[in-house]
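Taking it in order: structure first as structure tokens, then the write-up.
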Amino acid sequence: MQKPNLRQGSGRQACAHCSAPFEVTPEDLAFYDQVSPVIRGTKYAIPAPSLCPDCRQQRRLAFCNEFNLYPGTCGLCRKRTLSQFPQSSSVPYYCHECWHSDKWNALSYGREIDFTRPFFEQLTALKRSVPSLALDVQGELQNCDYIHYAGSSKNSYLIMHADFCEDCMYGYGFKHNRSCVDGFYNLQCELLYDCVDCHGSYGLTHCQDCINCHSGAFLRDCIGCKSCFLCTGLRNKEYCFENEQLTKEEYRERTQGIDLQSFKTYQECRARRREIEKKHTFKEFHGHNTENCAGDYLVHCKDTHASFDCENVEHGKFCYQVVTGAKNVYDIYQYGLNLHESLECTISGENSYHLLFTLGGNVSCSDLLYCWYMENAKNCFGCANMTHASYCILNRQYTKEVYEQLVPRLIVHMQKTPLRSFGATEGQTPLRSPSGSFAGYEWGEFLPVEMSLFGYNKTTAQMYYPLKKKDVLAEHWTWDDEEPQLPAVEKIIDAGKLPDSTRDIPDDVLHWAIRCEVTGRPFKIQPQELAFYREQKLPIPRRHWFQRHLDRFHLRNPRKFWKRKCAKCGREIQTTYSPERPETVYCETCYLGEVY
Ligand SMILES: [Zn+2]
Ligand SMILES: [Zn+2]
Ligand SMILES: [Zn+2]
């Protein structure tokens with residue numbers, strides 16, 4: 001077997017999947033060395049990655065079905081439950097109560113290591129046999145039967161990538177929020193509707209990139225503002241309308257006629273915000289309080305590079321959506337909450353330490369390698385769906401001594417096992433990319449996309465790296481055509497046939513489904529949702545909640561950098577604003593000189 005020389009040291013390399021060049025720096029190598037596991041005094045070096053940062057992120061995302069939830073039945077108590085697995089899936093799953101109960105034991109699914117077979121194949125077979133959680137939820141939950149990739153919340157509905165929330169609905173990236181509906185990345189907020197990237201705010205409607213604002217609507221990039229409407233780039237203002245300073249009386253007069261219960265009026269204001277924004281000057285990146293960082297949407301980060309949507313991360317690289325505290329972390333997709341010294345993980349964190357190539361290492365986990373959903377576990381290798389476990393391999397219990405003998409043997413086995421198209425039999429050629437470059441060995445690689453429990457199109461990978469069905473199949477990945485079923489309803493009404501004003505919407509709407517004006521996908525209005533629109537005087541949505549999520553997703557900049565010149569000083573900047581966009585973009589220095 002030819003040994004790939006591209007993984008020996010730092011420098012420019014070609015991605016083994018897409019052939020794109022990417023850089024491995026001496027600092028990267030130092031990090032891989034720092035987190036390499038040490039067993040009985042011997043270090044088992046983690047090699048530099050063979051894929052470029054984007055292909056690595058795509059691979060991680062292909063394991064996360066965040067938005068396609070299906071009605072199903074708990075395999076233990078037989079109660080109806082919402083599930084992340086389609087009806088056609090053969091993956092067994094239990095509801096939150098049963099999964100966390102002592103009515104079953106994940107150890108009973110344990111198996112011996114087979115040193116004649118690829119390790120990844122054995123891990124997948126194990127994962128597909130042990131009951132999974134119907135929805136990935138942790139912590140104290142009250143009346144939260146419909147939340148996913150979330151924890152420690154109350155009375156909330158369809159919130160994802162969310163923690164510590166109360167009375168929230170249809171939120172993504174929600175932390176410490178109360179009574180927020182339809183949002184993307186709202187932290188420590190209350191009574192927000194349809195807001196994107198707003199922090200520490202109260203009573204906002206369709207605002208974006210706002211911090212510490214109060215009672216505003218249709219604002220963009222405002223800080224410390226109160227009672228403002230359709231404004232951009234304001235700092236510590238009150239009673240402004242389209243950036244014009246009014247008196248309290250004038251402001252009341254200008255806004256009191258604007259009835260946001262009318263869907264038409266709401267859409268007009270939304271469109272007006274879009275118009276105003278085109279004339280606004282934007283900073284080269286989103287975020288604040290960063291020190292020696294490169295990326296976008298970074299808040300309170302230090303020495304963090306090539307990262308997006310992170311908050312409170314120190315010394316991180318290739319991190320996405322890592323929030324409320326992480327240090328020394330590389331290649332993490334979600335979520336943080338005090339995650340340390342970890343490499344290549346998805347949806348992991350909460351007081352966890354030294355997680356390597358792990359999917360779902362939750363709540364006080366440490367020293368996990370190649371684990372696939374764990375809670376309160378330490379010193380485990382290749383385990384799935386366990387809680388309070390230690391010294392387990394493939395869900396089999398060992399003593400510390402035997403564990404420390406077996407893990408090095410397993411690592412050596414993985415160092416010799418080439419990655420190849422999953423399901424290929426012994427002796428078949430290793431998986432090669434179209435460029436013909438070698439895809440590497442199991443050790444030091446995240447699980448290949450072929451091992452995902454979900455069709456590629458149903459995962460978050462499809463949002464950031466959209467592919468056509470034929471291209472997915474050409475990669476030997478799976479595609480899933482099954483659509484979640486809607487519970488029985490009295491009738492389905494076209495969105496366009498709804499009365500314009502919430503005032504004229506009867507309670508009967510709760511028994512109907514509304515046909516999404518974009519996708520045609522029917523959706524229901526929940527009783528607490530209708531109460532929210534009525535109390536807050538807001539319109540009833542005409543789009544399915546996932547379409548609304550996509551609409552907000554598209555309001556944000558892509559995770560891609562372009563070279564552009566600062567519109568003021570002409571300095572070259574790296575920014576997520578593509579050069580053809582209409583907005584004016586300044587370097588940070590010029591922006592701070594202008595706006596503050
Ligand atoms: Zn690549
Ligand atoms: Zn159950
Ligand atoms: Zn400048």
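Whatever order the structure lists them in is the order used to number ligands and atoms, beginning at 1.
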| Is there a donor-acceptor contact under 3.5 Å from the side chain of W99 to the main chain of Y93? | no
| request: Please note down the angle at the Zn ion (ligand 2) between SG of C77 and SG of C98, to the nearest 10°. | output: 110°
| query | Angle class for the Y330/F31 ring planes (parallel below 30°, perpendicular above 60°, tilted otherwise)? | reply | parallel
| query | Where does the angle between the aromatic ring planes of F85 and F454 fall among parallel (under 30°), tilted (30 to 60°) and perpendicular (over 60°)? | reply | parallel
| said: Angle at the Zn ion (ligand 2), SG of C95 to SG of C74, rounded to 10 degrees, please. | reply: 110°
| said: Using the Zn ion (ligand 3) as the vertex, how large is the angle between SG of C590 and SG of C569, rounded to 10 degrees? | reply: 110°
| remark: The SG(C15)-the Zn ion (ligand 1)-SG(C55) angle, to 10°, is 110°
| task | Determine the interplanar angle of the F357 and Y370 rings, folded into 0 to 90°, and report it as parallel if under 30°, tilted if 30 to 60°, perpendicular if over 60°. | result | parallel
